[in-house]
Amino acid sequence: MADLSVKVAGVAFKNPVIPASGAFGFGREYEKMYPLSTLGGISVKGMTLNPQDGNPPPRVAETPSGMLNSVGLQNPGIDYFIAHELPNLAQKGTTIIANVAGHTIEDCVTIAEKLEGTAVDMIELNISCPNVRQGGAAFGVSCDAAGAITKAVRGATTKPLMVKLSPNVTSITDIAKAVEAEGADAVSLINTLLGMRINIENRRPILKRNVGGLSGPAVFPVAVRMVWQVANAVSIPVVGMGGIASGRDAIEMMMAGASAVQVGAAIFADPYAPIHIIEEMNSWLDEHQIASVRDIVGSVQPW
Ligand code: SIN
């Protein structure tokens with residue numbers, strides 16, 4: 001049995017597989033299926049200062065090898081999370097990442113302050129949600145805005161701070177360098193790629209909000225490319241996500257430079273996907289006589 005444990009910005013994960021924000025809620029549905037302690041960690045649904053209902057339906061559409069979503073950050077708000085979800089999660093024996101998604105810099109600062117002193121192990125600052133009018137990806141598409149929000153949240157928390165990046169930018173490495181310069185301890189990428197589908201019978205977009213975020217196996221090669229580029233551009237750790245659906249995908253993402261991985265869309269097709277991925281990674285490492293998963297991080301040898 002290989003050593004699957006990893007550290008990201010000083011935070012320990014018993015294995016590198018983390019359900020991605022938005023794909024796992026707060027773990028309630030999944031804890032009935034398997035012990036959450038099996039997972040490396042959990043990134044909880046993106047939380048805003050106040051509760052939100054999200055966007056009107058339809059807000060999910062199937063695509064070849066993927067899905068489009070325009071959920072719009074439906075969540076119960078940070079106070080509800082701290083009072084009602086965190087106490088349950090904190091007993092589960094896994095690492096807890098709080099995904100923070102305010103509409104303004106002030107929102108994000110307030111949320112970070114509220115999380116100080118709680119059982120949350122790490123903050124993932126979401127500057128990349130493409131489905132909201134205010135905030136979200138607007139913070140993540142310019143170096144100045146990404147740097148400013150990172151600086152403000154850095155000043156509001158002593159918790160390790162990871163910033164979740166958008167792929168819908170000209171240069172993701174520039175954004176990564178901007179958040180690193182303002183105190184981010186890690187970056188996670190990629191959030192969804194902006195996409196659109198049209199019902200050709202009524203000539204209406206399938207999603208009520210017209211456009212949404214594409215995830216699933218279709219985006220995997222884009223994610224591997226961006227993780228590789230970012231890992232070579234910054235000194236802080238990178239957590240890779242985007243279309244990971246198997247242990248081999250996770251190994252590939254780590255070879256590109258990811259210190260850990262998040263699994264999103266695959267969970268909608270198979271709620272046990274993270275468990276299968278952990279098992280497959282372990283088997284692959286054993287077959288290749290690699291003692292620690294840490295040995296494969298960034299091990300790709302470019303031509
Ligand atoms: C959503 O709730 O719209 C998805 C979250 C995200 O893309 O960050």
Side-chain angles (χ1 to χ4, degrees), residues 18-26 29 42-63 66-78 80-81 85 97-104 107-108 111 122-141 145-146 149-150 153 161-169 172 175 179 184 186-197 205-216 218-219 222-223 226 239-244 261-268:
I18 305 163
S21 176
F24 209 72
F26 300 102
E29 295 80 5
I42 297 172
S43 180
V44 302
K45 177 62 191 165
M47 293 171 298
T48 47
L49 192 52
N50 299 307
Q52 301 198 158
D53 292 336
N55 293 329
R59 55 190 198 178
V60 179
E62 276 192 54
T63 65
M67 61 178 281
L68 278 176
N69 94 80
S70 78
V71 171
L73 294 173
Q74 179 184 350
N75 80 97
I78 189 64
Y80 183 94
F81 169 73
E85 297 293 352
I97 303 174
N99 187 286
V100 168
H103 295 295
T104 63
D107 279 6
C108 292
I111 296 170
M122 182 176 224
I123 290 178
E124 181 176 53
L125 178 62
N126 185 351
I127 59 167
S128 47
C129 174
N131 302 324
V132 287
R133 277 203 176 81
Q134 244 194 321
F139 291 123
V141 293
I149 193 167
T150 302
V153 175
L161 177 62
M162 177 159 75
V163 181
K164 184 168 178 177
L165 305 183
S166 171
N168 304 304
V169 293
I172 197 165
I175 306 281
V179 303
V187 285
S188 55
L189 59 132
I190 57 172
N191 204 324
T192 52
L193 282 152
L194 200 58
M196 181 179 190
R197 294 299 305 274
I206 293 174
L207 297 174
K208 190 77 171 185
R209 202 170 172 267
N210 300 323
V211 298
L214 178 66
S215 58
V219 310
V222 178
M226 288 191 165
V239 171
M241 78 190 90
I244 293 172
V261 297
Q262 294 189 11
V263 179
I267 295 175
F268 296 122

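No experiment lies behind these values; they were computed from the predicted model shown. Remember, it's 1-based here, ligands and their atoms both numbered in the order they're listed.
Side-chain N or O atoms of T63 include none that pairs as donor or acceptor with a backbone N or O of L68 at under 3.5 Å. Of the possible polar contacts, none joining the N131 side chain to the N55 backbone as a donor-acceptor pair under 3.5 Å is found. Judged by distance alone, with hydrogens and angles left aside, the side-chain atoms of N75 form a donor-acceptor pair with the main-chain N or O of L73 at under 3.5 Å.
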Side chain to side chain donor-acceptor pair (under 3.5 Å), that's the test. Do Q262 and S188 meet it? Break it down for me.
CA-CA 9 Å; Q262 294 189 11; S188 55; 4.8 Å; no
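In terms of protein heavy-atom proximity, atom 5 (C) of ligand 1 is closest to C129 SG, 3.7 Å.
Interface of N69 with ligand 1, defined as ligand atoms under 4.0 Å from a residue heavy atom, comprises 1 (C), 3 (O), 4 (C).
Interatomic distance, CG of N69 versus OG1 of T192, reported as 6.0 Å (0.5 Å rounding).
Residue contacts with ligand 1 include K45, since one of its heavy atoms falls under 4.0 Å from the ligand. Residue contacts with ligand 1 include G72, since one or more of its heavy atoms lies under 4.0 Å from the ligand. The shortest heavy-atom distance from P130 to ligand 1 is under 4.0 Å.
Contact annotation for N131 and ligand 1: only side-chain heavy atoms (C-beta onward) come within less than 4.0 Å of the ligand.
Closest to atom 7 (O) of ligand 1 by heavy atom, among T48, V132, N191, I127, is N191.
Here the shortest heavy-atom pairing between I149 and L125 reads O-CD2, 4.1 Å.
The shortest N or O to N or O distance between N126 and ligand 1 is below 3.5 Å.
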